[in-house]
Amino acid sequence: MASIIEWARTSPADDFWITAAVLVGLTVAGFIGAFYYFLRKRIIEDIPTSRIRSAAQGYVELNGISKLMEGPPIIAPLTGTPCTWYSYQIEERRRSRRRTRWVTIDRGTSEELFLLEDETGACVIDPEGAGVTPAARDIWYGATARPSGGPGGGRRWFSGGRYRYTEQRLHPGEPLYAIGLFETVGGAGGHFNVDGDVREMLREWKRDSEQLLEKFDHNRDGEIDVREWEAVRQQALREVMARHAERKTAEPMNLMTATRDRRRPYILSAVPQDDLVRRFHHYSIGLILLFFSAGAAATWIIGLRLGW
């Protein structure tokens, strides 16, 4: 303890304030992280599980089995394993005079659609924007920028592999918990946002200003005036209504996607719901402890330095 007090009072300014800044950063990270996981824990606990057939439109929770859709299989790029979702990262170990660090040289996450099925029906899962908790996570090492084999053929840490490979996956047939924005697309009972679709179509048309002028600048003055813009809006409305009429005759499809509300996270997990709640609970407690311990340490050494 005496040596720490002496260091806080007499160490070079650069070394001291870098250490203090790290402690302050850990304090802030602990507070934000604890709130992040506590919010997700409460959301999972508070929202009841729905059946796909009877699920309401909006933010819902589903439990089922992960399945592949018809079409080309989804293959994890590092291990070649068939899966419904993957995320991978390749890092290179680089040395400098002061330290050795891992630098990410390649990474990727799948965005292919897959299915969640329960005993009442199926829902298409769009994983873009989801926080995914997979059951399978492999880490191994090797001597090349791309692995020559899977985890079983890679080197262990003590063998000095220069590259580190990490791959996470969701697999067909394993349990899947999901909470996100549920919508039924197509069919007579489908939900259609006419105003939103018209706005989106107008945004697309504005990106191609030359084509917009060619179609709707009737007086050829190089601008879209108020009367011409009304014609643009009416045409967009007609096209949107035509698309909606087409979709109403199509087979209805259930779809889960990310929400636009940060307070309502999009979560996919191969870990059972109860285990996920416990995991988030432990994370939040650990981060609260980090917040208090790092904050107390930062306050203490800064107080010693400034003579408080």
Side-chain angles (χ1 to χ4, degrees), residues 1-34 36-37 74-81 83 85-111 127 129-170 270-271 279 282-284 286-302 304-305:
M1 184 66 70
S3 61
I4 296 176
I5 294 173
E6 180 67 19
W7 175 86
R9 289 172 173 166
T10 62
S11 63
D14 287 349
D15 291 347
F16 174 82
W17 290 111
I18 287 173
T19 302
V22 169
L23 288 172
V24 171
L26 289 173
T27 303
V28 174
F31 178 79
I32 295 173
Y36 175 90
Y37 285 111
I74 301 172
I75 304 296
L78 301 187
T79 61
T81 305
C83 59
W85 174 91
Y86 65 78
S87 175
Y88 74 92
Q89 179 174 268
I90 301 175
E91 300 165 280
E92 182 182 8
R93 188 169 46 154
R94 295 181 182 174
R95 291 189 177 91
S96 63
R97 291 183 179 180
R98 293 187 176 182
R99 62 193 179 110
T100 299
R101 62 195 179 102
W102 289 101
V103 178
T104 300
I105 60 173
D106 190 18
R107 70 193 318 162
T109 301
S110 67
E111 296 181 352
V132 181
T133 303
R137 184 171 185 261
D138 292 318
I139 302 176
W140 71 107
Y141 300 82
T144 57
R146 300 292 297 186
S148 55
R155 297 181 176 184
R156 300 299 180 189
W157 165 245
F158 54 78
S159 68
R162 180 180 173 184
Y163 295 92
R164 179 165 66 188
Y165 320 111
T166 303
E167 187 175 87
Q168 303 180 92
R169 299 178 304 275
L170 299 176
V271 175
R279 182 179 295 191
H282 294 152
Y283 288 167
S284 61
L287 288 162
I288 280 291
L289 293 175
L290 175 64
F291 165 73
F292 282 114
S293 58
T299 303
W300 181 57
I301 66 169
I302 292 172
L304 289 172
R305 186 75 175 198

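- Atom-to-atom distance recorded for Phe292:CZ and Phe31:CZ is 9.5 Å, nearest 0.5 angstrom.
- Residue Gly161 comes nearest to Trp102 through the heavy atom pair O-CH2, 3.8 Å, listed as atom of the first residue, atom of the second, then distance.
- The two residues Leu170 and Pro134 come nearest to each other via the heavy atoms CD2-CA, 3.8 Å.
- Glu6 pairs by the salt bridge (Lys or Arg N to Asp or Glu O under 4.0 Å) definition with nothing, not counting sequence neighbours.
- Taken to the nearest 0.5 Å, the CZ atom of Arg162 stands 10.5 Å off from the OG1 atom of Thr144.
- Residues forming a side chain to side chain contact (heavy atoms under 4.5 Å, CB included) with Thr104 (at least two apart in sequence, or on another chain): Gln89, Glu91, Arg107.
- For the side-chain hydrogen bond (donor to acceptor under 3.5 Å, both in side chains) test, residues two or more places apart in sequence or in another chain that qualify with Arg146 are Asp106.
- Between Leu304 and Ile4, every side-chain heavy-atom pair lies at or beyond the 4.5 Å cut-off.
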For this session: Walk me through it: do Thr81 and Arg169 pass the test side chain to side chain contact (heavy atoms under 4.5 Å, CB included)?
Result: CA-CA 9 Å; Thr81 305; Arg169 299 178 304 275; 3.9 Å; yes
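- Across all their heavy atoms, Gly295 and Thr27 have their closest contact at N-OG1, 3.0 Å.
- Minimum heavy-atom separation, Ala34 to Ile288: CB-CG1, 3.6 Å.
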Show me the donor-acceptor pairs, under 3.5 Å and distance only, between side chains in residues 11-25 and residues at least two apart or in other chains.
residue : atom : partner : partner atom : Å
Ser11   : OG   : Trp7    : O            : 2.8
Ser11   : OG   : Arg305  : NH1          : 3.3
Thr19   : OG1  : Asp15   : O            : 3.0

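- Atom OH of Tyr165 and atom CG of Asp138 lie 13.5 Å apart (nearest 0.5 Å).
- Minimum interatomic distance between Leu78 and Thr166 (heavy atoms only, all atoms of both residues): CD1-O, 3.8 Å.
- Using bins of under 30°, 30° to 60° and over 60° for the plane-to-plane angle, the ring pair Tyr37/Tyr283 lands in the perpendicular bin.
- Remark: Glu111 CD to Ile74 CD1 distance equals 11.5 Å, nearest 0.5 Å.
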For this session: Go through Ile5 and Trp300 one step at a time and tell me if the side chain to side chain contact (heavy atoms under 4.5 Å, CB included) criterion holds.
Result: CA-CA 9 Å; Ile5 294 173; Trp300 181 57; 3.7 Å; yes
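- The side-chain hydrogen bond (donor to acceptor under 3.5 Å, both in side chains) test applied to Ser293 returns no partner, not counting sequence neighbours.
- Not counting sequence neighbours, Arg101 has no partner by the salt bridge (Lys or Arg N to Asp or Glu O under 4.0 Å) test.
- Leu287 and Gly33 get closest at one heavy-atom pair: CD1-C, 3.4 Å.
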Exercise. Can you list the steps and then say if Tyr163 with Ile105 is a side chain to side chain contact (heavy atoms under 4.5 Å, CB included)?
Worked result: CA-CA 10 Å; Tyr163 295 92; Ile105 60 173; 3.8 Å; yes
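- Proximity of Gln168 to Val132: side-chain heavy atoms (C-beta onward) are nowhere separated by under 4.5 Å.
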